[in-house]
Amino acid sequence: MKRIGIMTSGGDAPGMNVAIRAVARKALSAGLEAYGINYGFAGLVAGDIHEFKATDLDDMVSQGGTMLYSARYPEFAQEESQLKGIEQLKKFGIDALVVIGGDGSYHGALRLTEHGYNAIGLPGTIDNDIPFTDFTIGFDTALNTAVDAIDKIRDTAKSHQRVFAVQVMGRKAADIALWAGVASGADAIIAPGFDYDVEAIANKLKKNRANGKDYGIIVIAEGDANSDAAPEFVEKLKQYGDFDARATVIGHVQRGGVPSAKDRVLASKMGAYAVELLLEGKGGLAIGILDNKVQAHNMLDLFDAKHQADDSLFQLNEDLSF
Ligand code: F6P
């Protein structure tokens, strides 16, 4: 093996640049060459590929987003696109790849492995929704962004005795909502997988008011990327009492920003490990961190598995919020 290709795919996440740097630097220090592929699988098919020099990567530890750009490219599920991608790998002399993205991106990586080009997947998504890893690259930074925003909202909520329904990202996953809810002392968390009752939440807020806490914070997961989850909740809440309620959708600010130190270390460990596996001639594997140990799992097993959020956080929040 002489040349490793690196790409980011799917939604961007803070720490992707750190992972790119780790893969490229580890490859260079092992005497290999590293090539960046722009725009994920779309760029692979188009041949939008360039060589990395060590100096290209200097300040990448502190840069959000992805210097390789990202794209969702469902067309790569088709054999025709895969063959075009392989033509480009041949043209640029790339022998193996690291794909940084969500589990959707892993399908493309597995197809390339099946075609004889070992590919390793790194979990890069703010949603933390990938099986066989406790944390994904970007989750910690996005979580801190959400908590920072909720802390600021609390200031204005208190000043005006208002209830705020704050919607966080996460697609179908509950992780950002659960962690941000506990971290920001929310009065309630609404997230996929957990039943809730608007009237019960209204009663809790009324009880809080009677006890002297005259504002409220409800953290709501977007669910299936529902941009109206928080506004809809506010309308329903108002049917159960005289609430001065507002909805805030934090949105894509959660996808940007300087990666946290935790995400940087995670991305560095995972990126370096991916190159070690490629050097051992392995492919079709997804990197994760379980119990603080970086490890690899077969992508096929991962597709059959389901991500499990830390359910205990929901009850913890119920116990602590009154
Ligand atoms: O997967 C990351 C994520 O930010 C989700 O939390 C969100 O549902 C989705 O991407 C938004 O996608 P887009 O940037 O395409 O609107």
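Start at 1 and go down the list; that is how both ligands and their atoms are numbered. Note that this is a predicted model, so its numbers are computed, not measured.
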How would you list, by chain and number, every residue that makes a salt bridge (charged side-chain N to carboxylate O under 4.0 Å, His left out) with Lys53, sequence neighbours excluded?
Glu51
Between Asp155, Asp148, Thr156, which is the residue that forms a side chain to side chain donor-acceptor pair (under 3.5 Å) with Lys152?
Asp148
Hey, does Phe243 have a side-chain heavy atom less than 4.5 Å from the side chain of Arg209?
yes
Hydrophobic cluster identity match, Ile220 and Leu237, side-chain contacts under 4.5 Å
yes
Only heavy atoms count here, so choose which of Lys172, Arg72, Met169 is nearest to atom 12 (O) of ligand 1.
Arg72
Quick one: look up the protein heavy atom nearest atom 16 (O) of ligand 1 and list residue, atom name and how far away it is.
His252 NE2, 3.3 Å
What is the nearest protein non-hydrogen atom to atom 9 (C) of ligand 1, stated with its residue, atom name and distance?
Arg171 NH2, 3.5 Å
Note: ligand 1 atoms sitting under 4.0 Å from heavy atoms of Glu222 are 5 (C), 6 (O), 7 (C), 8 (O)
The protein heavy atom nearest to atom 10 (O) of ligand 1 is Arg255 NH1, 3.1 Å
Any donor-acceptor pair under 3.5 Å linking the side chain of Asp175 with the backbone of Gly170?
no
Do Gly170 and ligand 1 have an N or O pair less than 3.5 Å apart?
yes
Within less than 4.0 angstrom of ligand 1, does Gln254 place any heavy atom?
no
Candidate with minimal heavy-atom separation from atom 5 (C) of ligand 1, of Ile176, Ile126, Asp127
Asp127
Cation over ring face, Lys90 and Phe92, 6.0 Å, 45°
no
